[in-house]
Structure formats: C-alpha cells, structure tokens
Amino acid sequence: MTSDTLAISATGLIKNFGGRRVVDGIDIAVPKGAIYGVLGPNGAGKTTTLRMLLGIIEPDGGHRTLLGHERPREASDQVGYLPEERGLYPAMKAKDAIAFLGALRGLDLKTGRKRAIDLLEAAGLGHAVDTKIRKLSKGMAQLVQLLGSVVHRPDLLVLDEPFSGLDPVNQERLEALIVAERDRGATILFSTHVMAHAERLCDRLCIIAGGKRRFEGTVADARGTLPMKAHYVPHHDGDGIAALLPADAVRDADGWRFTVPEDGAEAILKRLIDAGFGIAGLSIERPGLHEAFVRIVGAAAQDDEADSLEQAA
Amino acid sequence: MSAQQSNTRRLIRQTLTIARRDFIATVFTPTFLIFLFAPLIMGSFGAIGGLGALSMKQGNDTKDRIVAIVPPAEAAAMAAIDTRLRRIFRGRDERPPALVTEAPRGDAAARARAELQAKDYDVSAVLYGPLATPTILYGAQGARTADYLAELAEATLRAERSGGSAALSRPTKQSVARTKVSNGGKNQAAFFTVFGIFFLTLLLAGQAVGTMAEERSNKVIEVLAAAVPLESVFLGKLLGMFGVAVLFVGFWGTLVSQIAAIAPPGLAAALATIGPAVGMPVYVVLFFAYFTMAYMLLGAVFLSVGAQASTMREIQMLSLPITIVQVAMFGLASVAAAQPGTAVATFAEWFPFSSPFAMAARAANRPELWPHLLALAWQLLWVGIVITIGARAFRRGVLQSGSGKFSVKALFGR
Ligand SMILES: Nc1ncnc2c1ncn2[C@@H]1O[C@H](COP(=O)(O)OP(=O)(O)O)[C@@H](O)[C@H]1O
Ligand SMILES: [Mg+2]
C-alpha cells in the first residue's frame, strides 16, 4: 500500500521513558476510510503510540507519516483527537467548548458554534447547548469533547479509549457516531481494551502488548488465529463420552465443549454416533475477538518472560 | 501559497486562538473587576493612611501657639502683618502656629517663661520686650517659629516707622507655568514608571500562570498540545495576558488623562512638574515598549517555571522565589531611578531582567534617545532567548504527565 491509500503509516516506532522502553518498534498502517482499532491491555503503550503518531510527543526511533505529512503537525487541521485524559474549560458553554476545539483546528468560531448546536442536537444533547461544562455530567462532557473533535470535519479521527466512562446508551451513540464519521469519508483510529466495540466496528486492528505489536489484520484474521470451538450435547449421556472427545474437552451444564482438531470434527462425531451417544445439539464456531485477544496477549506475556529469563541467564 | 507560508499562518492563527481564549477567560470574570480597580484600592489605602497622618497633624496644629507680649497698639499692627505674611505659606505643614498677642503686665520675662509651660496649648515661641530689642524664647520645636516672630517684630517696627501697618509695596503678581519639568519631578516620574511596570508585570505574569495551572488541572493541556505546537500555546498565553495588560493600561491611561484635563489649574500645574525628561509622547511609546519587554521576559520565566509544577500548591511554591527575584529587580530599578548615572543604575540598565524597568526610569530621568534603541534591541535579544528556552521547558514540563516532578534537567536538554 502506498501513502495514497494510507491515512497513517508508521514503522519501527520507539519510545523510552526514563530508560524504560515503553513502545518497542511498532508498525502501523491505517488504510484511508477504515475504522482501525489499537487493542491492548492497560499499560501496553497504546496512548504513547497514538501520541507519537499525532506528533504530541516525538518518537525516539522509527518513522511515521500522517495524512501524507512527514511532520504530523502539518496535518493538524485535518485531524480530530479525543485524548484519554479528557479535559475542557469548566467555565465554557457546551457550544463554545466545541467551537473552541474546532478553532484550534482552523474552523472559524461562528461556523463552529452553528455546527456545535446541530451536533449537540443530533447527539441528544440539545438541552445542553448553553450549559456550562462544569454543570454537565462526566459522560456528557465527554460527548461534548468528542463532538468538538469532529466539528471541523477531520479526515482522520483519533480516539483514545473513547468508550470508557460512557453508559451503555451513550456507548451505542458513540458507535453510531463513529460509523457516521466513516460514512462521511473519515478514517478512524481508536484504542480500547474492550473487545466488544472493536469486534463490531473495526475493519482492521492491531494488538499491542508490552510495547510490541503482536497481531495485525481484520477481526476475522484475529479470530482465525484460534481453532474452532465445538459445543456438543449428547442424546444419551454416558461414562464413555470423555474418552471419545479431544483431551481439552470440558463438561458444562448441558453437554461438552472442546477444540475442533485441525482436520475437522467429523471423525469425532462419527465415533460418538457409532458408540450410540447420538447428537441432541451441536454448534461449531470461531471463538470471539475476546478469546483471541486473551490468547495473543497471554502468549506475548509468556514470550516476554522467556526473553527476560534468557537475558538474565 | 508555499507550505512554509501556510505553516506560519497556521501558527499565528493558533497562537491567536489561544490568546483569545485566555483573554476572554480573564476579562469576562468578576475577579477581573477587582484586578482592574486594584490601583484604586491601593490608592485608597494610601489615601486613608495619608488622611490618618493628616488628621493627627491637624490635631496638633490647633493646639499650637506663638505668643507675642506687646502693647495693644503694636499688637494690632503685628496681627495685621501676621495675617499678611501667613498668606505666603501653603498648607498646615508650612504655616507657623497661630499668633496670640498679650498686653505686658508685671514681669514680662516671667510671664513668657510661664507661657512656654502652658498646659492648655503648646506654645513653641514667645516674644517680649521692646520690638527693637525683643527677647524670643522658644521650645524644642520652636527654632523656626522663633525666626518667624523675629521677622514679625522687624516688619511691625518698619511699618510703624514708615507710618502705619498698610503695605507700602504693591506688587503685580503674574503666574507663569513651568515649561521644564523639575528634577524632583523627573525622579518622581521615574519612580512611578518603574512601579507601574512592576505592578503590571507581577499581576499579569501571575494570571498567565494561573490559567496554565487551570489547564493542567482540567487536563485541557493535551487537547491544546495535540492541535497546537506548545510553542504556540506558550506564546498565546503570553499574548492573551498582554491583551489584558493593554486593556488595563488603556483604561487607566484614558482615565488619568481625562482627570488631568478636568483637574483644577493648581493641580494641573503641579502635575506638569512631574514629567519625563524625554517628553510625554516619546515617553508613552517607550513606557509601552519597556512594559512589553518586562512582561515578555518575566512572563516567559513565570510560565516556563509554572509548567514544571503540576498542582496549584507546587505552582505557589515555585512562584515565591520568582516573585522575590522580581521584587529584587524592582528594587534595583528603583535605585537606578533615584540615582541616575551611578554604577548601580548602569548595572540595572544592562542586566536583562531589570533593564526594562531601569531603562524606563532612565527615559524619565534623561533626555537622550539613542540608548533606548540600543536597550530595546538588547532586551529583544533576551526576550528571544528566554522565550526559546521557556517554550522548551514549557513543552517538557507540560508533557510530564502525572508525576509532574520539577527537574532542572527538564530545562536543559534531554
Ligand atoms: N509521560 C510519561 N512518563 C513516564 N512514563 C510514561 C509516560 N507516559 C506513559 N508512561 C508509561 O508507559 C507505559 C505505557 O503507557 P500508555 O501508553 O499510557 O499505555 P496504554 O495507553 O496502553 O494503557 C506505562 O507503563 C506508563 O506508565
Ligand atoms: Mg492509554
């Protein structure tokens, strides 16, 4: 892919804080028009990576371009950003706060205020247009700030943990807003450690843990890293079933769960039918992103531990 | 339009956006009124103090007397001359105590001594005996009033000899306004200048740090930092507060000039002797220029040090030493204002952080203009240096999220 098709491309990003390497050679390529997720556990280096991509902090190594600009600042008018640590001036009215954020990105205040009113109404906050930020609830203030990051209609929207702090209703509103921004033509990059949103929204994603990128691809690719899981409910229960199932099979309330071997489940099922246990229920599916994430991050932690043991030795 | 140009334009626009926000956030608050009228509040404290001192003095005055023990015929002439002479004196400070005349009875010398010990009122001097050879007794504070009594005796005697107490000479009085300011007036102007600049920079630099503390505690700083280079945030803050300063100076400048215009002629004439050596129009320009320099220098230092702190308490702790340094600069410049041309004054004029104060004082004290051009260039250089280092320290300090430890390392490189 070239820079014509990429909104963000970064290779080998490195950041040290006080001698500790917090981001360790991360590559990211975000296609234009995509919703891209940066997933990772707390402390993985997501925020630091986003900050480097936006030019808020300078990387200690690596290379990045943002909307085709070598220096991210030059693209700043085409970018919207919701930082992990939200913050607005408490004395500002909601519509002024949105207009101010737009003004920082080059939108004139008058247009900003007009759009702010429309945006607030569309987000169900029409009653709060003239309310001071300090009088809004935390979640509402967060929505206001989010609207402030899209008011200038950016080509790229970067959201750091946008869902945290929102109630389920507002989380759904936010998902709708992200999709709407994508439909408008914007590229969206967001970080999260909650997989459900990523699973629903992301066209592509990467998983980082311990400052390294552990996975890159689509949601399907991520799930594809795990084998199929089967849930089997026998017609006639009996003691011999466990012996016919793979070693990892576990019993649950109404049947058995096991990992489908690489050559498929047919042989197992045939043995179960032949032995007379029958099939009352059967489902075979890919585990969700959540499981993929846990496995990838877990494996990464083991790797790192092995590495550090090796180094110690 | 080249990329370079559009970058510059964006930087200017962003800086102005920040400046505008800070300006509005500062000006449209109730506390700004307090700030705006702070000089009035300070002035009225001064006035109350002055009134207190005055009333104490008046209390004393009304009980003060000088006594002349002379025959009634002479007493009348003396009283008339006393009334005339008194007109020369202005204010209660200068005027001699009220004159009381008594006819001589018995032992004049003993009576005179008794008067000096009087209980109901304070007699500072007593005259007795023939006017040609009077004896004047005076107390601890009475040396000058004794002279006055002597002069009174002399004048009364002369009047008597030339026939009557009526004035012989008929002077034509003509008031001529002073066109050159007095030396004392220059010094006063110099001091007002230094104090004015000091007062303004102190207030405003503190305000700028305050808005920054607010941003840090509200976590707005990251939004700013993401959209706008921190150098622009830094400059915008300086500029925003500068706008407040201009408003402030404009307000008081207009007010004072209007008051001067409607002031009674006596006061206007008195004010005219307080003036700068370089002349008013140039002085206004220089005052503004030096104020700008002083503000930029100290504001930049305040802001960059303030950026190293993450809590209000830390900011207050850090502000103290800066304020002390600032007061020291003020003191240095005040000395320079009072003693133009001395080594201290020269030092104060060259040392970057006192230079704007001291040079403004010089504008009041001395007429040459060329040193000001030199000084402004020199100060501009330092403004550049301080803002560059300051912006860098600001950037490092501000992005030290969370921990917010102050480190000298943060100021000087990686
Ligand atoms: N300004 C900073 N100074 C020192 N350490 C930092 C700073 N910012 C982040 N870190 C450290 O870097 C690591 C990664 O942080 P972060 O990027 O915020 O992770 P995430 O966003 O994935 O939770 C954490 O261990 C954090 O303590
Ligand atoms: Mg984070």
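Convention: sequence-line order gives letters A, B, ...; per-chain numbering from 1. Everything numeric here is computed off the predicted structure, so don't read it as measured data.
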Task: Engaged part of Leu104(A) at the chain B interface, taking heavy atoms whose separation is under 4.5 Å - done: both
Task: Side chain / backbone / both / neither for Ala91(A) at chain B, heavy atoms under 4.5 Å - done: neither
Open item on the list: Check this for me: Arg173(A), atom CZ, are more than 12 non-hydrogen atoms of other residues, nucleotides or ligands nearer than 6.0 Å?
Closed with: yes
- [ ] Assess whether side-chain contact (heavy atoms from CB on, under 4.5 Å) is satisfied between Glu84(A) and Glu222(B), documenting all intermediate values.
- [x] CA-CA 9 Å; Glu84(A) 183 175 20; Glu222(B) 187 168 358; 5.8 Å; no
Open item on the list: With salt bridge (charged side-chain N to carboxylate O under 4.0 Å, His left out) as the rule and sequence neighbours excluded, what pairs involving residues 87-99 of chain A come up?
Closed with: Lys95(A)-Asp130(A), Asp96(A)-Arg113(A)
Open item on the list: At a 4.5 Å cut-off on heavy atoms, which part of Tyr89(A) comes close to chain B: side chain, backbone, both, or neither?
Closed with: both
Open item on the list: Quick check for you: among Leu101(A), Leu54(A), Asp77(A), which has the greatest number of heavy-atom pairs under 4.5 Å with chain B?
Closed with: Asp77(A)
Open item on the list: Return the CG to OG1 distance between Leu107(A) and Thr17(B), rounded to the nearest 0.5 Å.
Closed with: 10.5 Å
Task: Contacting moiety of Ile133(A), where chain B heavy atoms sit under 4.5 Å - done: neither
Task: Heavy-atom closest contact (Arg105(A) atom, Ala226(B) atom, distance) - done: NH1-O, 3.7 Å
Open item on the list: Could you measure the distance from the CG atom of Leu11(B) to the CZ atom of Arg73(A)? Nearest 0.5 Å is fine.
Closed with: 9.5 Å
TODO: Can you establish whether the number of heavy atoms outside Arg13(B) located under 6.0 Å from its atom CZ is more than 12?
DONE: yes
- [ ] Decide if atom CZ of Arg184(A) counts as having more than 12 heavy atoms of other residues, nucleotides or ligands within a radius under 6.0 Å.
- [x] yes
- [ ] Output the option from Ser76(A), Pro90(A), Gly87(A), Gly55(A) having the highest count of non-hydrogen pairs under 4.5 Å with chain B.
- [x] Gly87(A)
Please list every donor-acceptor pair under 3.5 Å in which a side-chain atom of residues 115-124 of chain A meets a protein atom from a residue at least two apart or in another chain.
unit_1: Arg115(A); atom_1: NH1; unit_2: Val151(A); atom_2: O; d: 2.7

